[in-house]
Q: 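Can you read through this structure? Questions will come right after.
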Amino acid sequence: MLIYNTLTKQKETFTPITPNVVNLYVCGMTVYDYCHLGHARVMVVFDMVVRYFRALGYQVTYVRNITDIDDKIIKRAHEKGETIQSLTEYFIQIMHEDADALGVLRPDHEPRATYFITEIINMIQHLIDKGYAYQRAQMSDVYYAVNQFKDYGKLSGKRLEELRAGERVEVDTAKQDPMDFVLWKTAKPNEPSWDSPWGAGRPGWHIECSAMSTCHLGNHFDIHGGGMDLQFPHHENEIAQSEGATGEPFVNLWMHNGFVRINEEKMSKSLGNFFTVREVLDRYRPEVVRYFILASHYRSPLNYSDQQLDTAKQSLDRLYTALRGLTLTHIPCPNEEYRQRFHEVMQDDFNTPEALAILFELAREINRLRVDNQAQAIVLANELTMLGGLLGLLQTDPECYFQSAEHSLSTEMIEQFIAERNAARQNKNWAESDRIRDVLKAQGIILEDSAKGTIWRKE
RNA sequence: GGCUGAGUGGCAGAGGGGUUAUGCAGCGGCCUGCAAAGCCGUGGACAUCGGUUCAAAUCCGGUCUCAGCCUCCA
C-alpha cells in the first residue's frame, strides 16, 4: 500500500505500527453551520480510505472529532439567540444526516471537545511543566512557546523566521513570540467556560485534537487526515503540542485532501462561494455526489459545477445500466483480472479515478456478454457490484436506482401507458406509439424497447 | 515576499521515458418500425523555452499562468 505522506512529500509504503491495525484520526467539523461540499469531500474521501483498509483486512479504528466550542460557535449562538448546546446539537444531527445520505459510515468515535476538557487541561499542564507553554500573568491566556519545539514547521515546510517576517496581524503583546498560539483562552464575561489551574476559560482550537487523538489512539498512531488548509497552522500545532507533551512521535503519516473549488477558487465559508450538501442533494441523488467526489483523486482540486454533476450522473447511470436486468448470484468471479487491477490502482495512493475506469471496462464487458452469455455477464456483474461496493457505490438495486425517485406519474400509470403503447406497436400504429413515448418523455420517463420487452427509467 | 502543488484532447479527469486511460460530448457503422440503451470503429492532448537521452507529454532547469497556505476555514 503506497500513500502520499505530507510530512515527507512523497508516496511511502504504509507500514502500520501494529501489524494489521490502522489507527486513523481525521479533523472533522466545527458545528455551527450546514456542511458544505468541502466537508462532504473530507467525509467521503476518508470513508473510502477506511472502507478500503477494512477490505484489505486491516482492523481500523477511525476517529473523527467534532469541534463544539469555539469563537464562531459562540458568536453564532449569540446571533441566533440560542444556547451553544442547542446550536451544536442541531448541526451535529444535520451533519449525521448529510453523511448518512452520502453513504459515509460513522467513525468509530466522534469525540467532542467539550467532553474532553479534563484531558485537554492535563495536556496543557504537561506542556507547561515541560517548558513548552507559559502564562504571562495570573488569569490570562496560556500560550504554546513555539521556539521551544525544535521541529516546528516540519509538516508545512515553513520556517519560523519566515513566518515571523510575514506576520500580518498586530503583535499580541501577551505572546513571547508572534507565532505562539493559544492553548487556553481566558473567558470573557458571558462566555462559556470551564475551571482550570489558569482560571476559567476554554481550550484553544488546536489542543482539542491533540488531546482527543492521543486519548483514543495513543500517543503515537498511524494516520492523521484532514483538508489541505489544516496543514498549517492546525496540524503543525498539533504536532508541536502532542510531541511536546508526550515526548513521542505523534503521527507517522499525514494525509490531506484537496479543495473543492468553484470557478477555480477555493470553496469556503469566508469567500461565501459554497454550496451546502443539502442544496446539492436537493438536485442530485447522493450517490451521484459521492461518485463525483471519487471521480477525482483525493489530492487533486475538485471543481464544482452543474455540468460536472450532470456528467457524474451519466457516468453512474452507465454503470447501473450494465447491472440492469441481471440477477446477481454473489458467487465470486473466477476471473481475477479486474479485481487485481482494481487493487493495484487503489493501493497506489487510493487512485479512485483509475479504479472507476476499471469499473467501466467491466461494464463494457458485461454489456458485450449479456445477450449471448448471460451466465458470464452475471459473473462479471457480481464482480462489478463487489468492486463498486469497496468504494461505497453501486449498492442500490438497479431497478430502484432507475425508478425509485419520485415522479409525477405513479408506477402503475407508467406501466399502463407502456401497455397501451405496446398494443399500438402490435398494430404497427407507430404514430400512437411515438405519441405515448413522447408523453412519458415529457414527464421525465425514458422508454427502452428490447427483445425482452419495454423497460423504463427516470431521466 | 516565503513555502506548497498544478498546467493533458470540446468538457471532465488518470497516467507518465518508446505501446488505447476512463466518462461525457462528436463522427461513421451495427441493432431498432423510429428511438433509447448497447456494441463495433474513429478523430482529437499533454503551457512554453532549453537540457539529458537512441527516444520526453513523462526526467532536469528556466519562463509564463493558475490555485493553496503564511489570518478562521475541510
Side-chain angles (χ1 to χ4, degrees), chain A residues 6 9 26-30 33 35-46 64 67 70-72 75 153 155-159 161-169 179 205 225-234 236 256-261 264-271 274 291-292 295-297 299-303 305 307-319 321-322 324-325 345 348 351-361 363-371 425 428-431 433-434 437-438 441 446-451 454-457 459:
Chain A
T6 311
K9 299 193 175 34
V26 172
C27 288
M29 278 195 69
T30 301
D33 207 343
C35 305
H36 66 228
L37 236 33
H39 300 115
R41 189 175 193 190
V42 183
M43 293 195 283
V44 168
V45 161
F46 286 100
R64 188 184 61 208
T67 299
D70 96 319
D71 290 354
K72 276 175 294 192
K75 182 162 173 258
L155 177 68
S156 56
K158 295 179 190 302
R159 291 195 323 219
E161 310 84 74
E162 283 154 1
L163 286 166
R164 291 189 191 112
E167 183 70 22
R168 298 185 218 156
V169 185
M179 294 319 295
W205 175 38
M228 299 264 297
D229 47 357
L230 297 183
Q231 241 173 86
F232 188 89
H234 185 56
E236 196 68 71
H256 292 97
N257 65 274
F259 296 123
V260 178
R261 296 195 203 168
E264 304 303 323
E265 203 177 39
K266 175 183 174 182
M267 176 185 288
S268 77
K269 295 256 159 121
S270 32
L271 289 168
F274 60 91
Y291 177 95
F292 163 68
S296 311
H297 185 86
R299 286 190 283 119
S300 300
L302 177 60
N303 219 17
S305 72
Q307 192 208 359
Q308 286 259 66
L309 268 291
D310 290 339
T311 303
K313 188 218 171 262
Q314 290 181 89
S315 304
L316 192 60
D317 281 355
R318 177 166 163 82
L319 293 176
T321 300
R324 221 179 166 186
V345 298
D348 185 1
N351 195 335
T352 54
E354 199 69 62
L356 289 171
I358 291 163
L359 299 192
F360 284 104
E361 289 181 36
R364 168 163 286 122
E365 193 59 28
I366 291 168
N367 288 331
R368 273 191 203 119
L369 289 166
R370 66 191 312 138
V371 175
R425 292 176 73 214
K428 299 200 189 307
N429 185 350
W430 308 126
S433 161
D434 292 350
R437 187 167 62 196
D438 289 344
K441 176 91 179 6
I446 307 288
L447 299 189
E448 294 175 14
D449 298 325
S450 76
T454 301
I455 56 173
W456 64 273
R457 66 187 159 89
E459 194 164 22

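Throughout, protein chains are lettered first and strands after them, A, B, ... in sequence-line order, and every chain is numbered starting at 1.
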Q: When you check the phosphate oxygens OP1 and OP2 of B/rA25, does a side-chain N or O of A/Gln314 lie under 4.0 Å from one of them?
A: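 For A/Gln314, the contact criterion (side-chain N or O under 4.0 Å from OP1 or OP2 of B/rA25) is met.
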Q: Return whichever of A/Ala357 or A/Lys9 has its heavy-atom-nearest nucleotide of RNA chain B closer to the 5' end.
A: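 This one resolves to A/Lys9.
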Q: Can you tell me if A/Ser305 touches the phosphate of B/rA12, counting only side-chain N or O atoms and a distance under 4.0 Å to OP1 or OP2?
A: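 For B/rA12, neither OP1 nor OP2 has a side-chain N or O of A/Ser305 closer than 4.0 Å.
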Q: Donor-acceptor pair, distance only, cut-off 3.5 Å: does the side chain of A/Thr321 make one with the backbone of A/Asp317?
A: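 Side chain of A/Thr321 to backbone of A/Asp317: a pair is present.
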Q: Look through every strand shown and name the nucleotide pairing with B/rA47 as Watson-Crick or G-U wobble, where both distances are under 3.5 Å.
A: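 Base partner found: B/rU63.
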Q: Under a 4.0 Å threshold between the charged nitrogen and the carboxylate oxygen, would A/Arg368 count as salt-bridged to A/Glu365?
A: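 A/Arg368 and A/Glu365: salt-bridged.
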Q: Does the side chain of A/Arg457 get closer than 4.0 angstrom to OP1 or OP2 of B/rA36 through an N or O atom?
A: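 No, because none of the side-chain N or O atoms of A/Arg457 sits under 4.0 Å from OP1 or OP2 of B/rA36.
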Q: Is the base of B/rC72 touched by the side chain of A/Asp71 through a donor-acceptor pair closer than 3.5 angstrom?
A: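 No such pair is found, so the answer is no.
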Q: Considering all heavy atoms of both residues, which atom of A/Met228 and which atom of A/His256 are nearest to each other, and what is their separation?
A: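 Looks like CA-CB, 4.0 Å.
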Q: Could you work out the separation of B/rG41 and B/rU48 based on their P atoms and round it to a whole Å?
A: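 Roughly 31 Å separates the two P atoms.
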Q: Can you check whether A/Arg318 has a side-chain N or O nearer than 4.0 Å to OP1 or OP2 of B/rC39?
A: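 Yes, within the criterion.
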Q: Between B/rC30 and B/rA36, how far apart are the two P atoms, rounded to whole Å?
A: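 About 15 Å, rounded to a whole number of Å.
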Q: Using the P atom in both, what is the distance from B/rU8 to B/rA45, to the nearest Å?
A: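 Straight-line distance between the two P atoms is 14 Å.
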Q: Rounded to whole angstrom, note down the C1' distance from B/rC46 over to B/rG7.
A: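 Comparing C1' positions in B/rC46 and B/rG7 gives a spacing of 10 Å.
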Q: Quick one: look up who B/rG9 pairs with, Watson-Crick or G-U, both distances under 3.5 Å, and put none if it's unpaired.
A: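 Paired with no nucleotide.
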Q: Which nucleotide in the set B/rU22, B/rA37, B/rC39 lies at the smallest distance from any side-chain heavy atom of A/Asn367?
A: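 Among B/rU22, B/rA37, B/rC39, the one nearest the side chain of A/Asn367 is B/rC39.
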Q: Rounded to whole angstrom, note down the P distance from B/rU4 over to B/rC73.
A: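 Straight-line distance between the two P atoms is 22 Å.
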Q: B/rG23 phosphate, OP1 or OP2: any side-chain N/O from A/Arg364 under 4.0 angstrom?
A: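 Yes.
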Q: Applying the Watson-Crick and G-U wobble criteria at under 3.5 Å, what pairs with B/rG41? Answer none if nothing qualifies.
A: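 When the pairing criteria are applied, B/rC27 turns out to be the nucleotide that pairs with B/rG41.
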Q: Tell me whether the OP1 or OP2 atom of B/rA36 has a side-chain N or O from A/Trp456 closer than 4.0 Å.
A: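 No, outside the criterion.
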Q: With RNA chain B as reference, determine whether A/Ser156 or A/Asp434 sits nearer its 5' end, using the nearest nucleotide of each.
A: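 The answer here is A/Ser156.
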Q: Could you work out the separation of B/rA25 and B/rC31 based on their P atoms and round it to a whole Å?
A: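 22 Å, rounded to whole Å.
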Q: Less than 4.0 angstrom from a charged side-chain N to a carboxylate O is my criterion; do A/Asp434 and A/Arg437 meet it?
A: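 Yes, charged N to carboxylate O under 4.0 Å.
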Q: Please determine if a side-chain N or O atom of A/Lys266 lies less than 4.0 Å away from the OP1 or OP2 oxygen of B/rC69.
A: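 Yes, within the criterion.
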Q: Please give the distance between the P atoms of B/rU20 and B/rC70 as a whole number of Å.
A: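 These two P atoms come out 44 Å apart once rounded.
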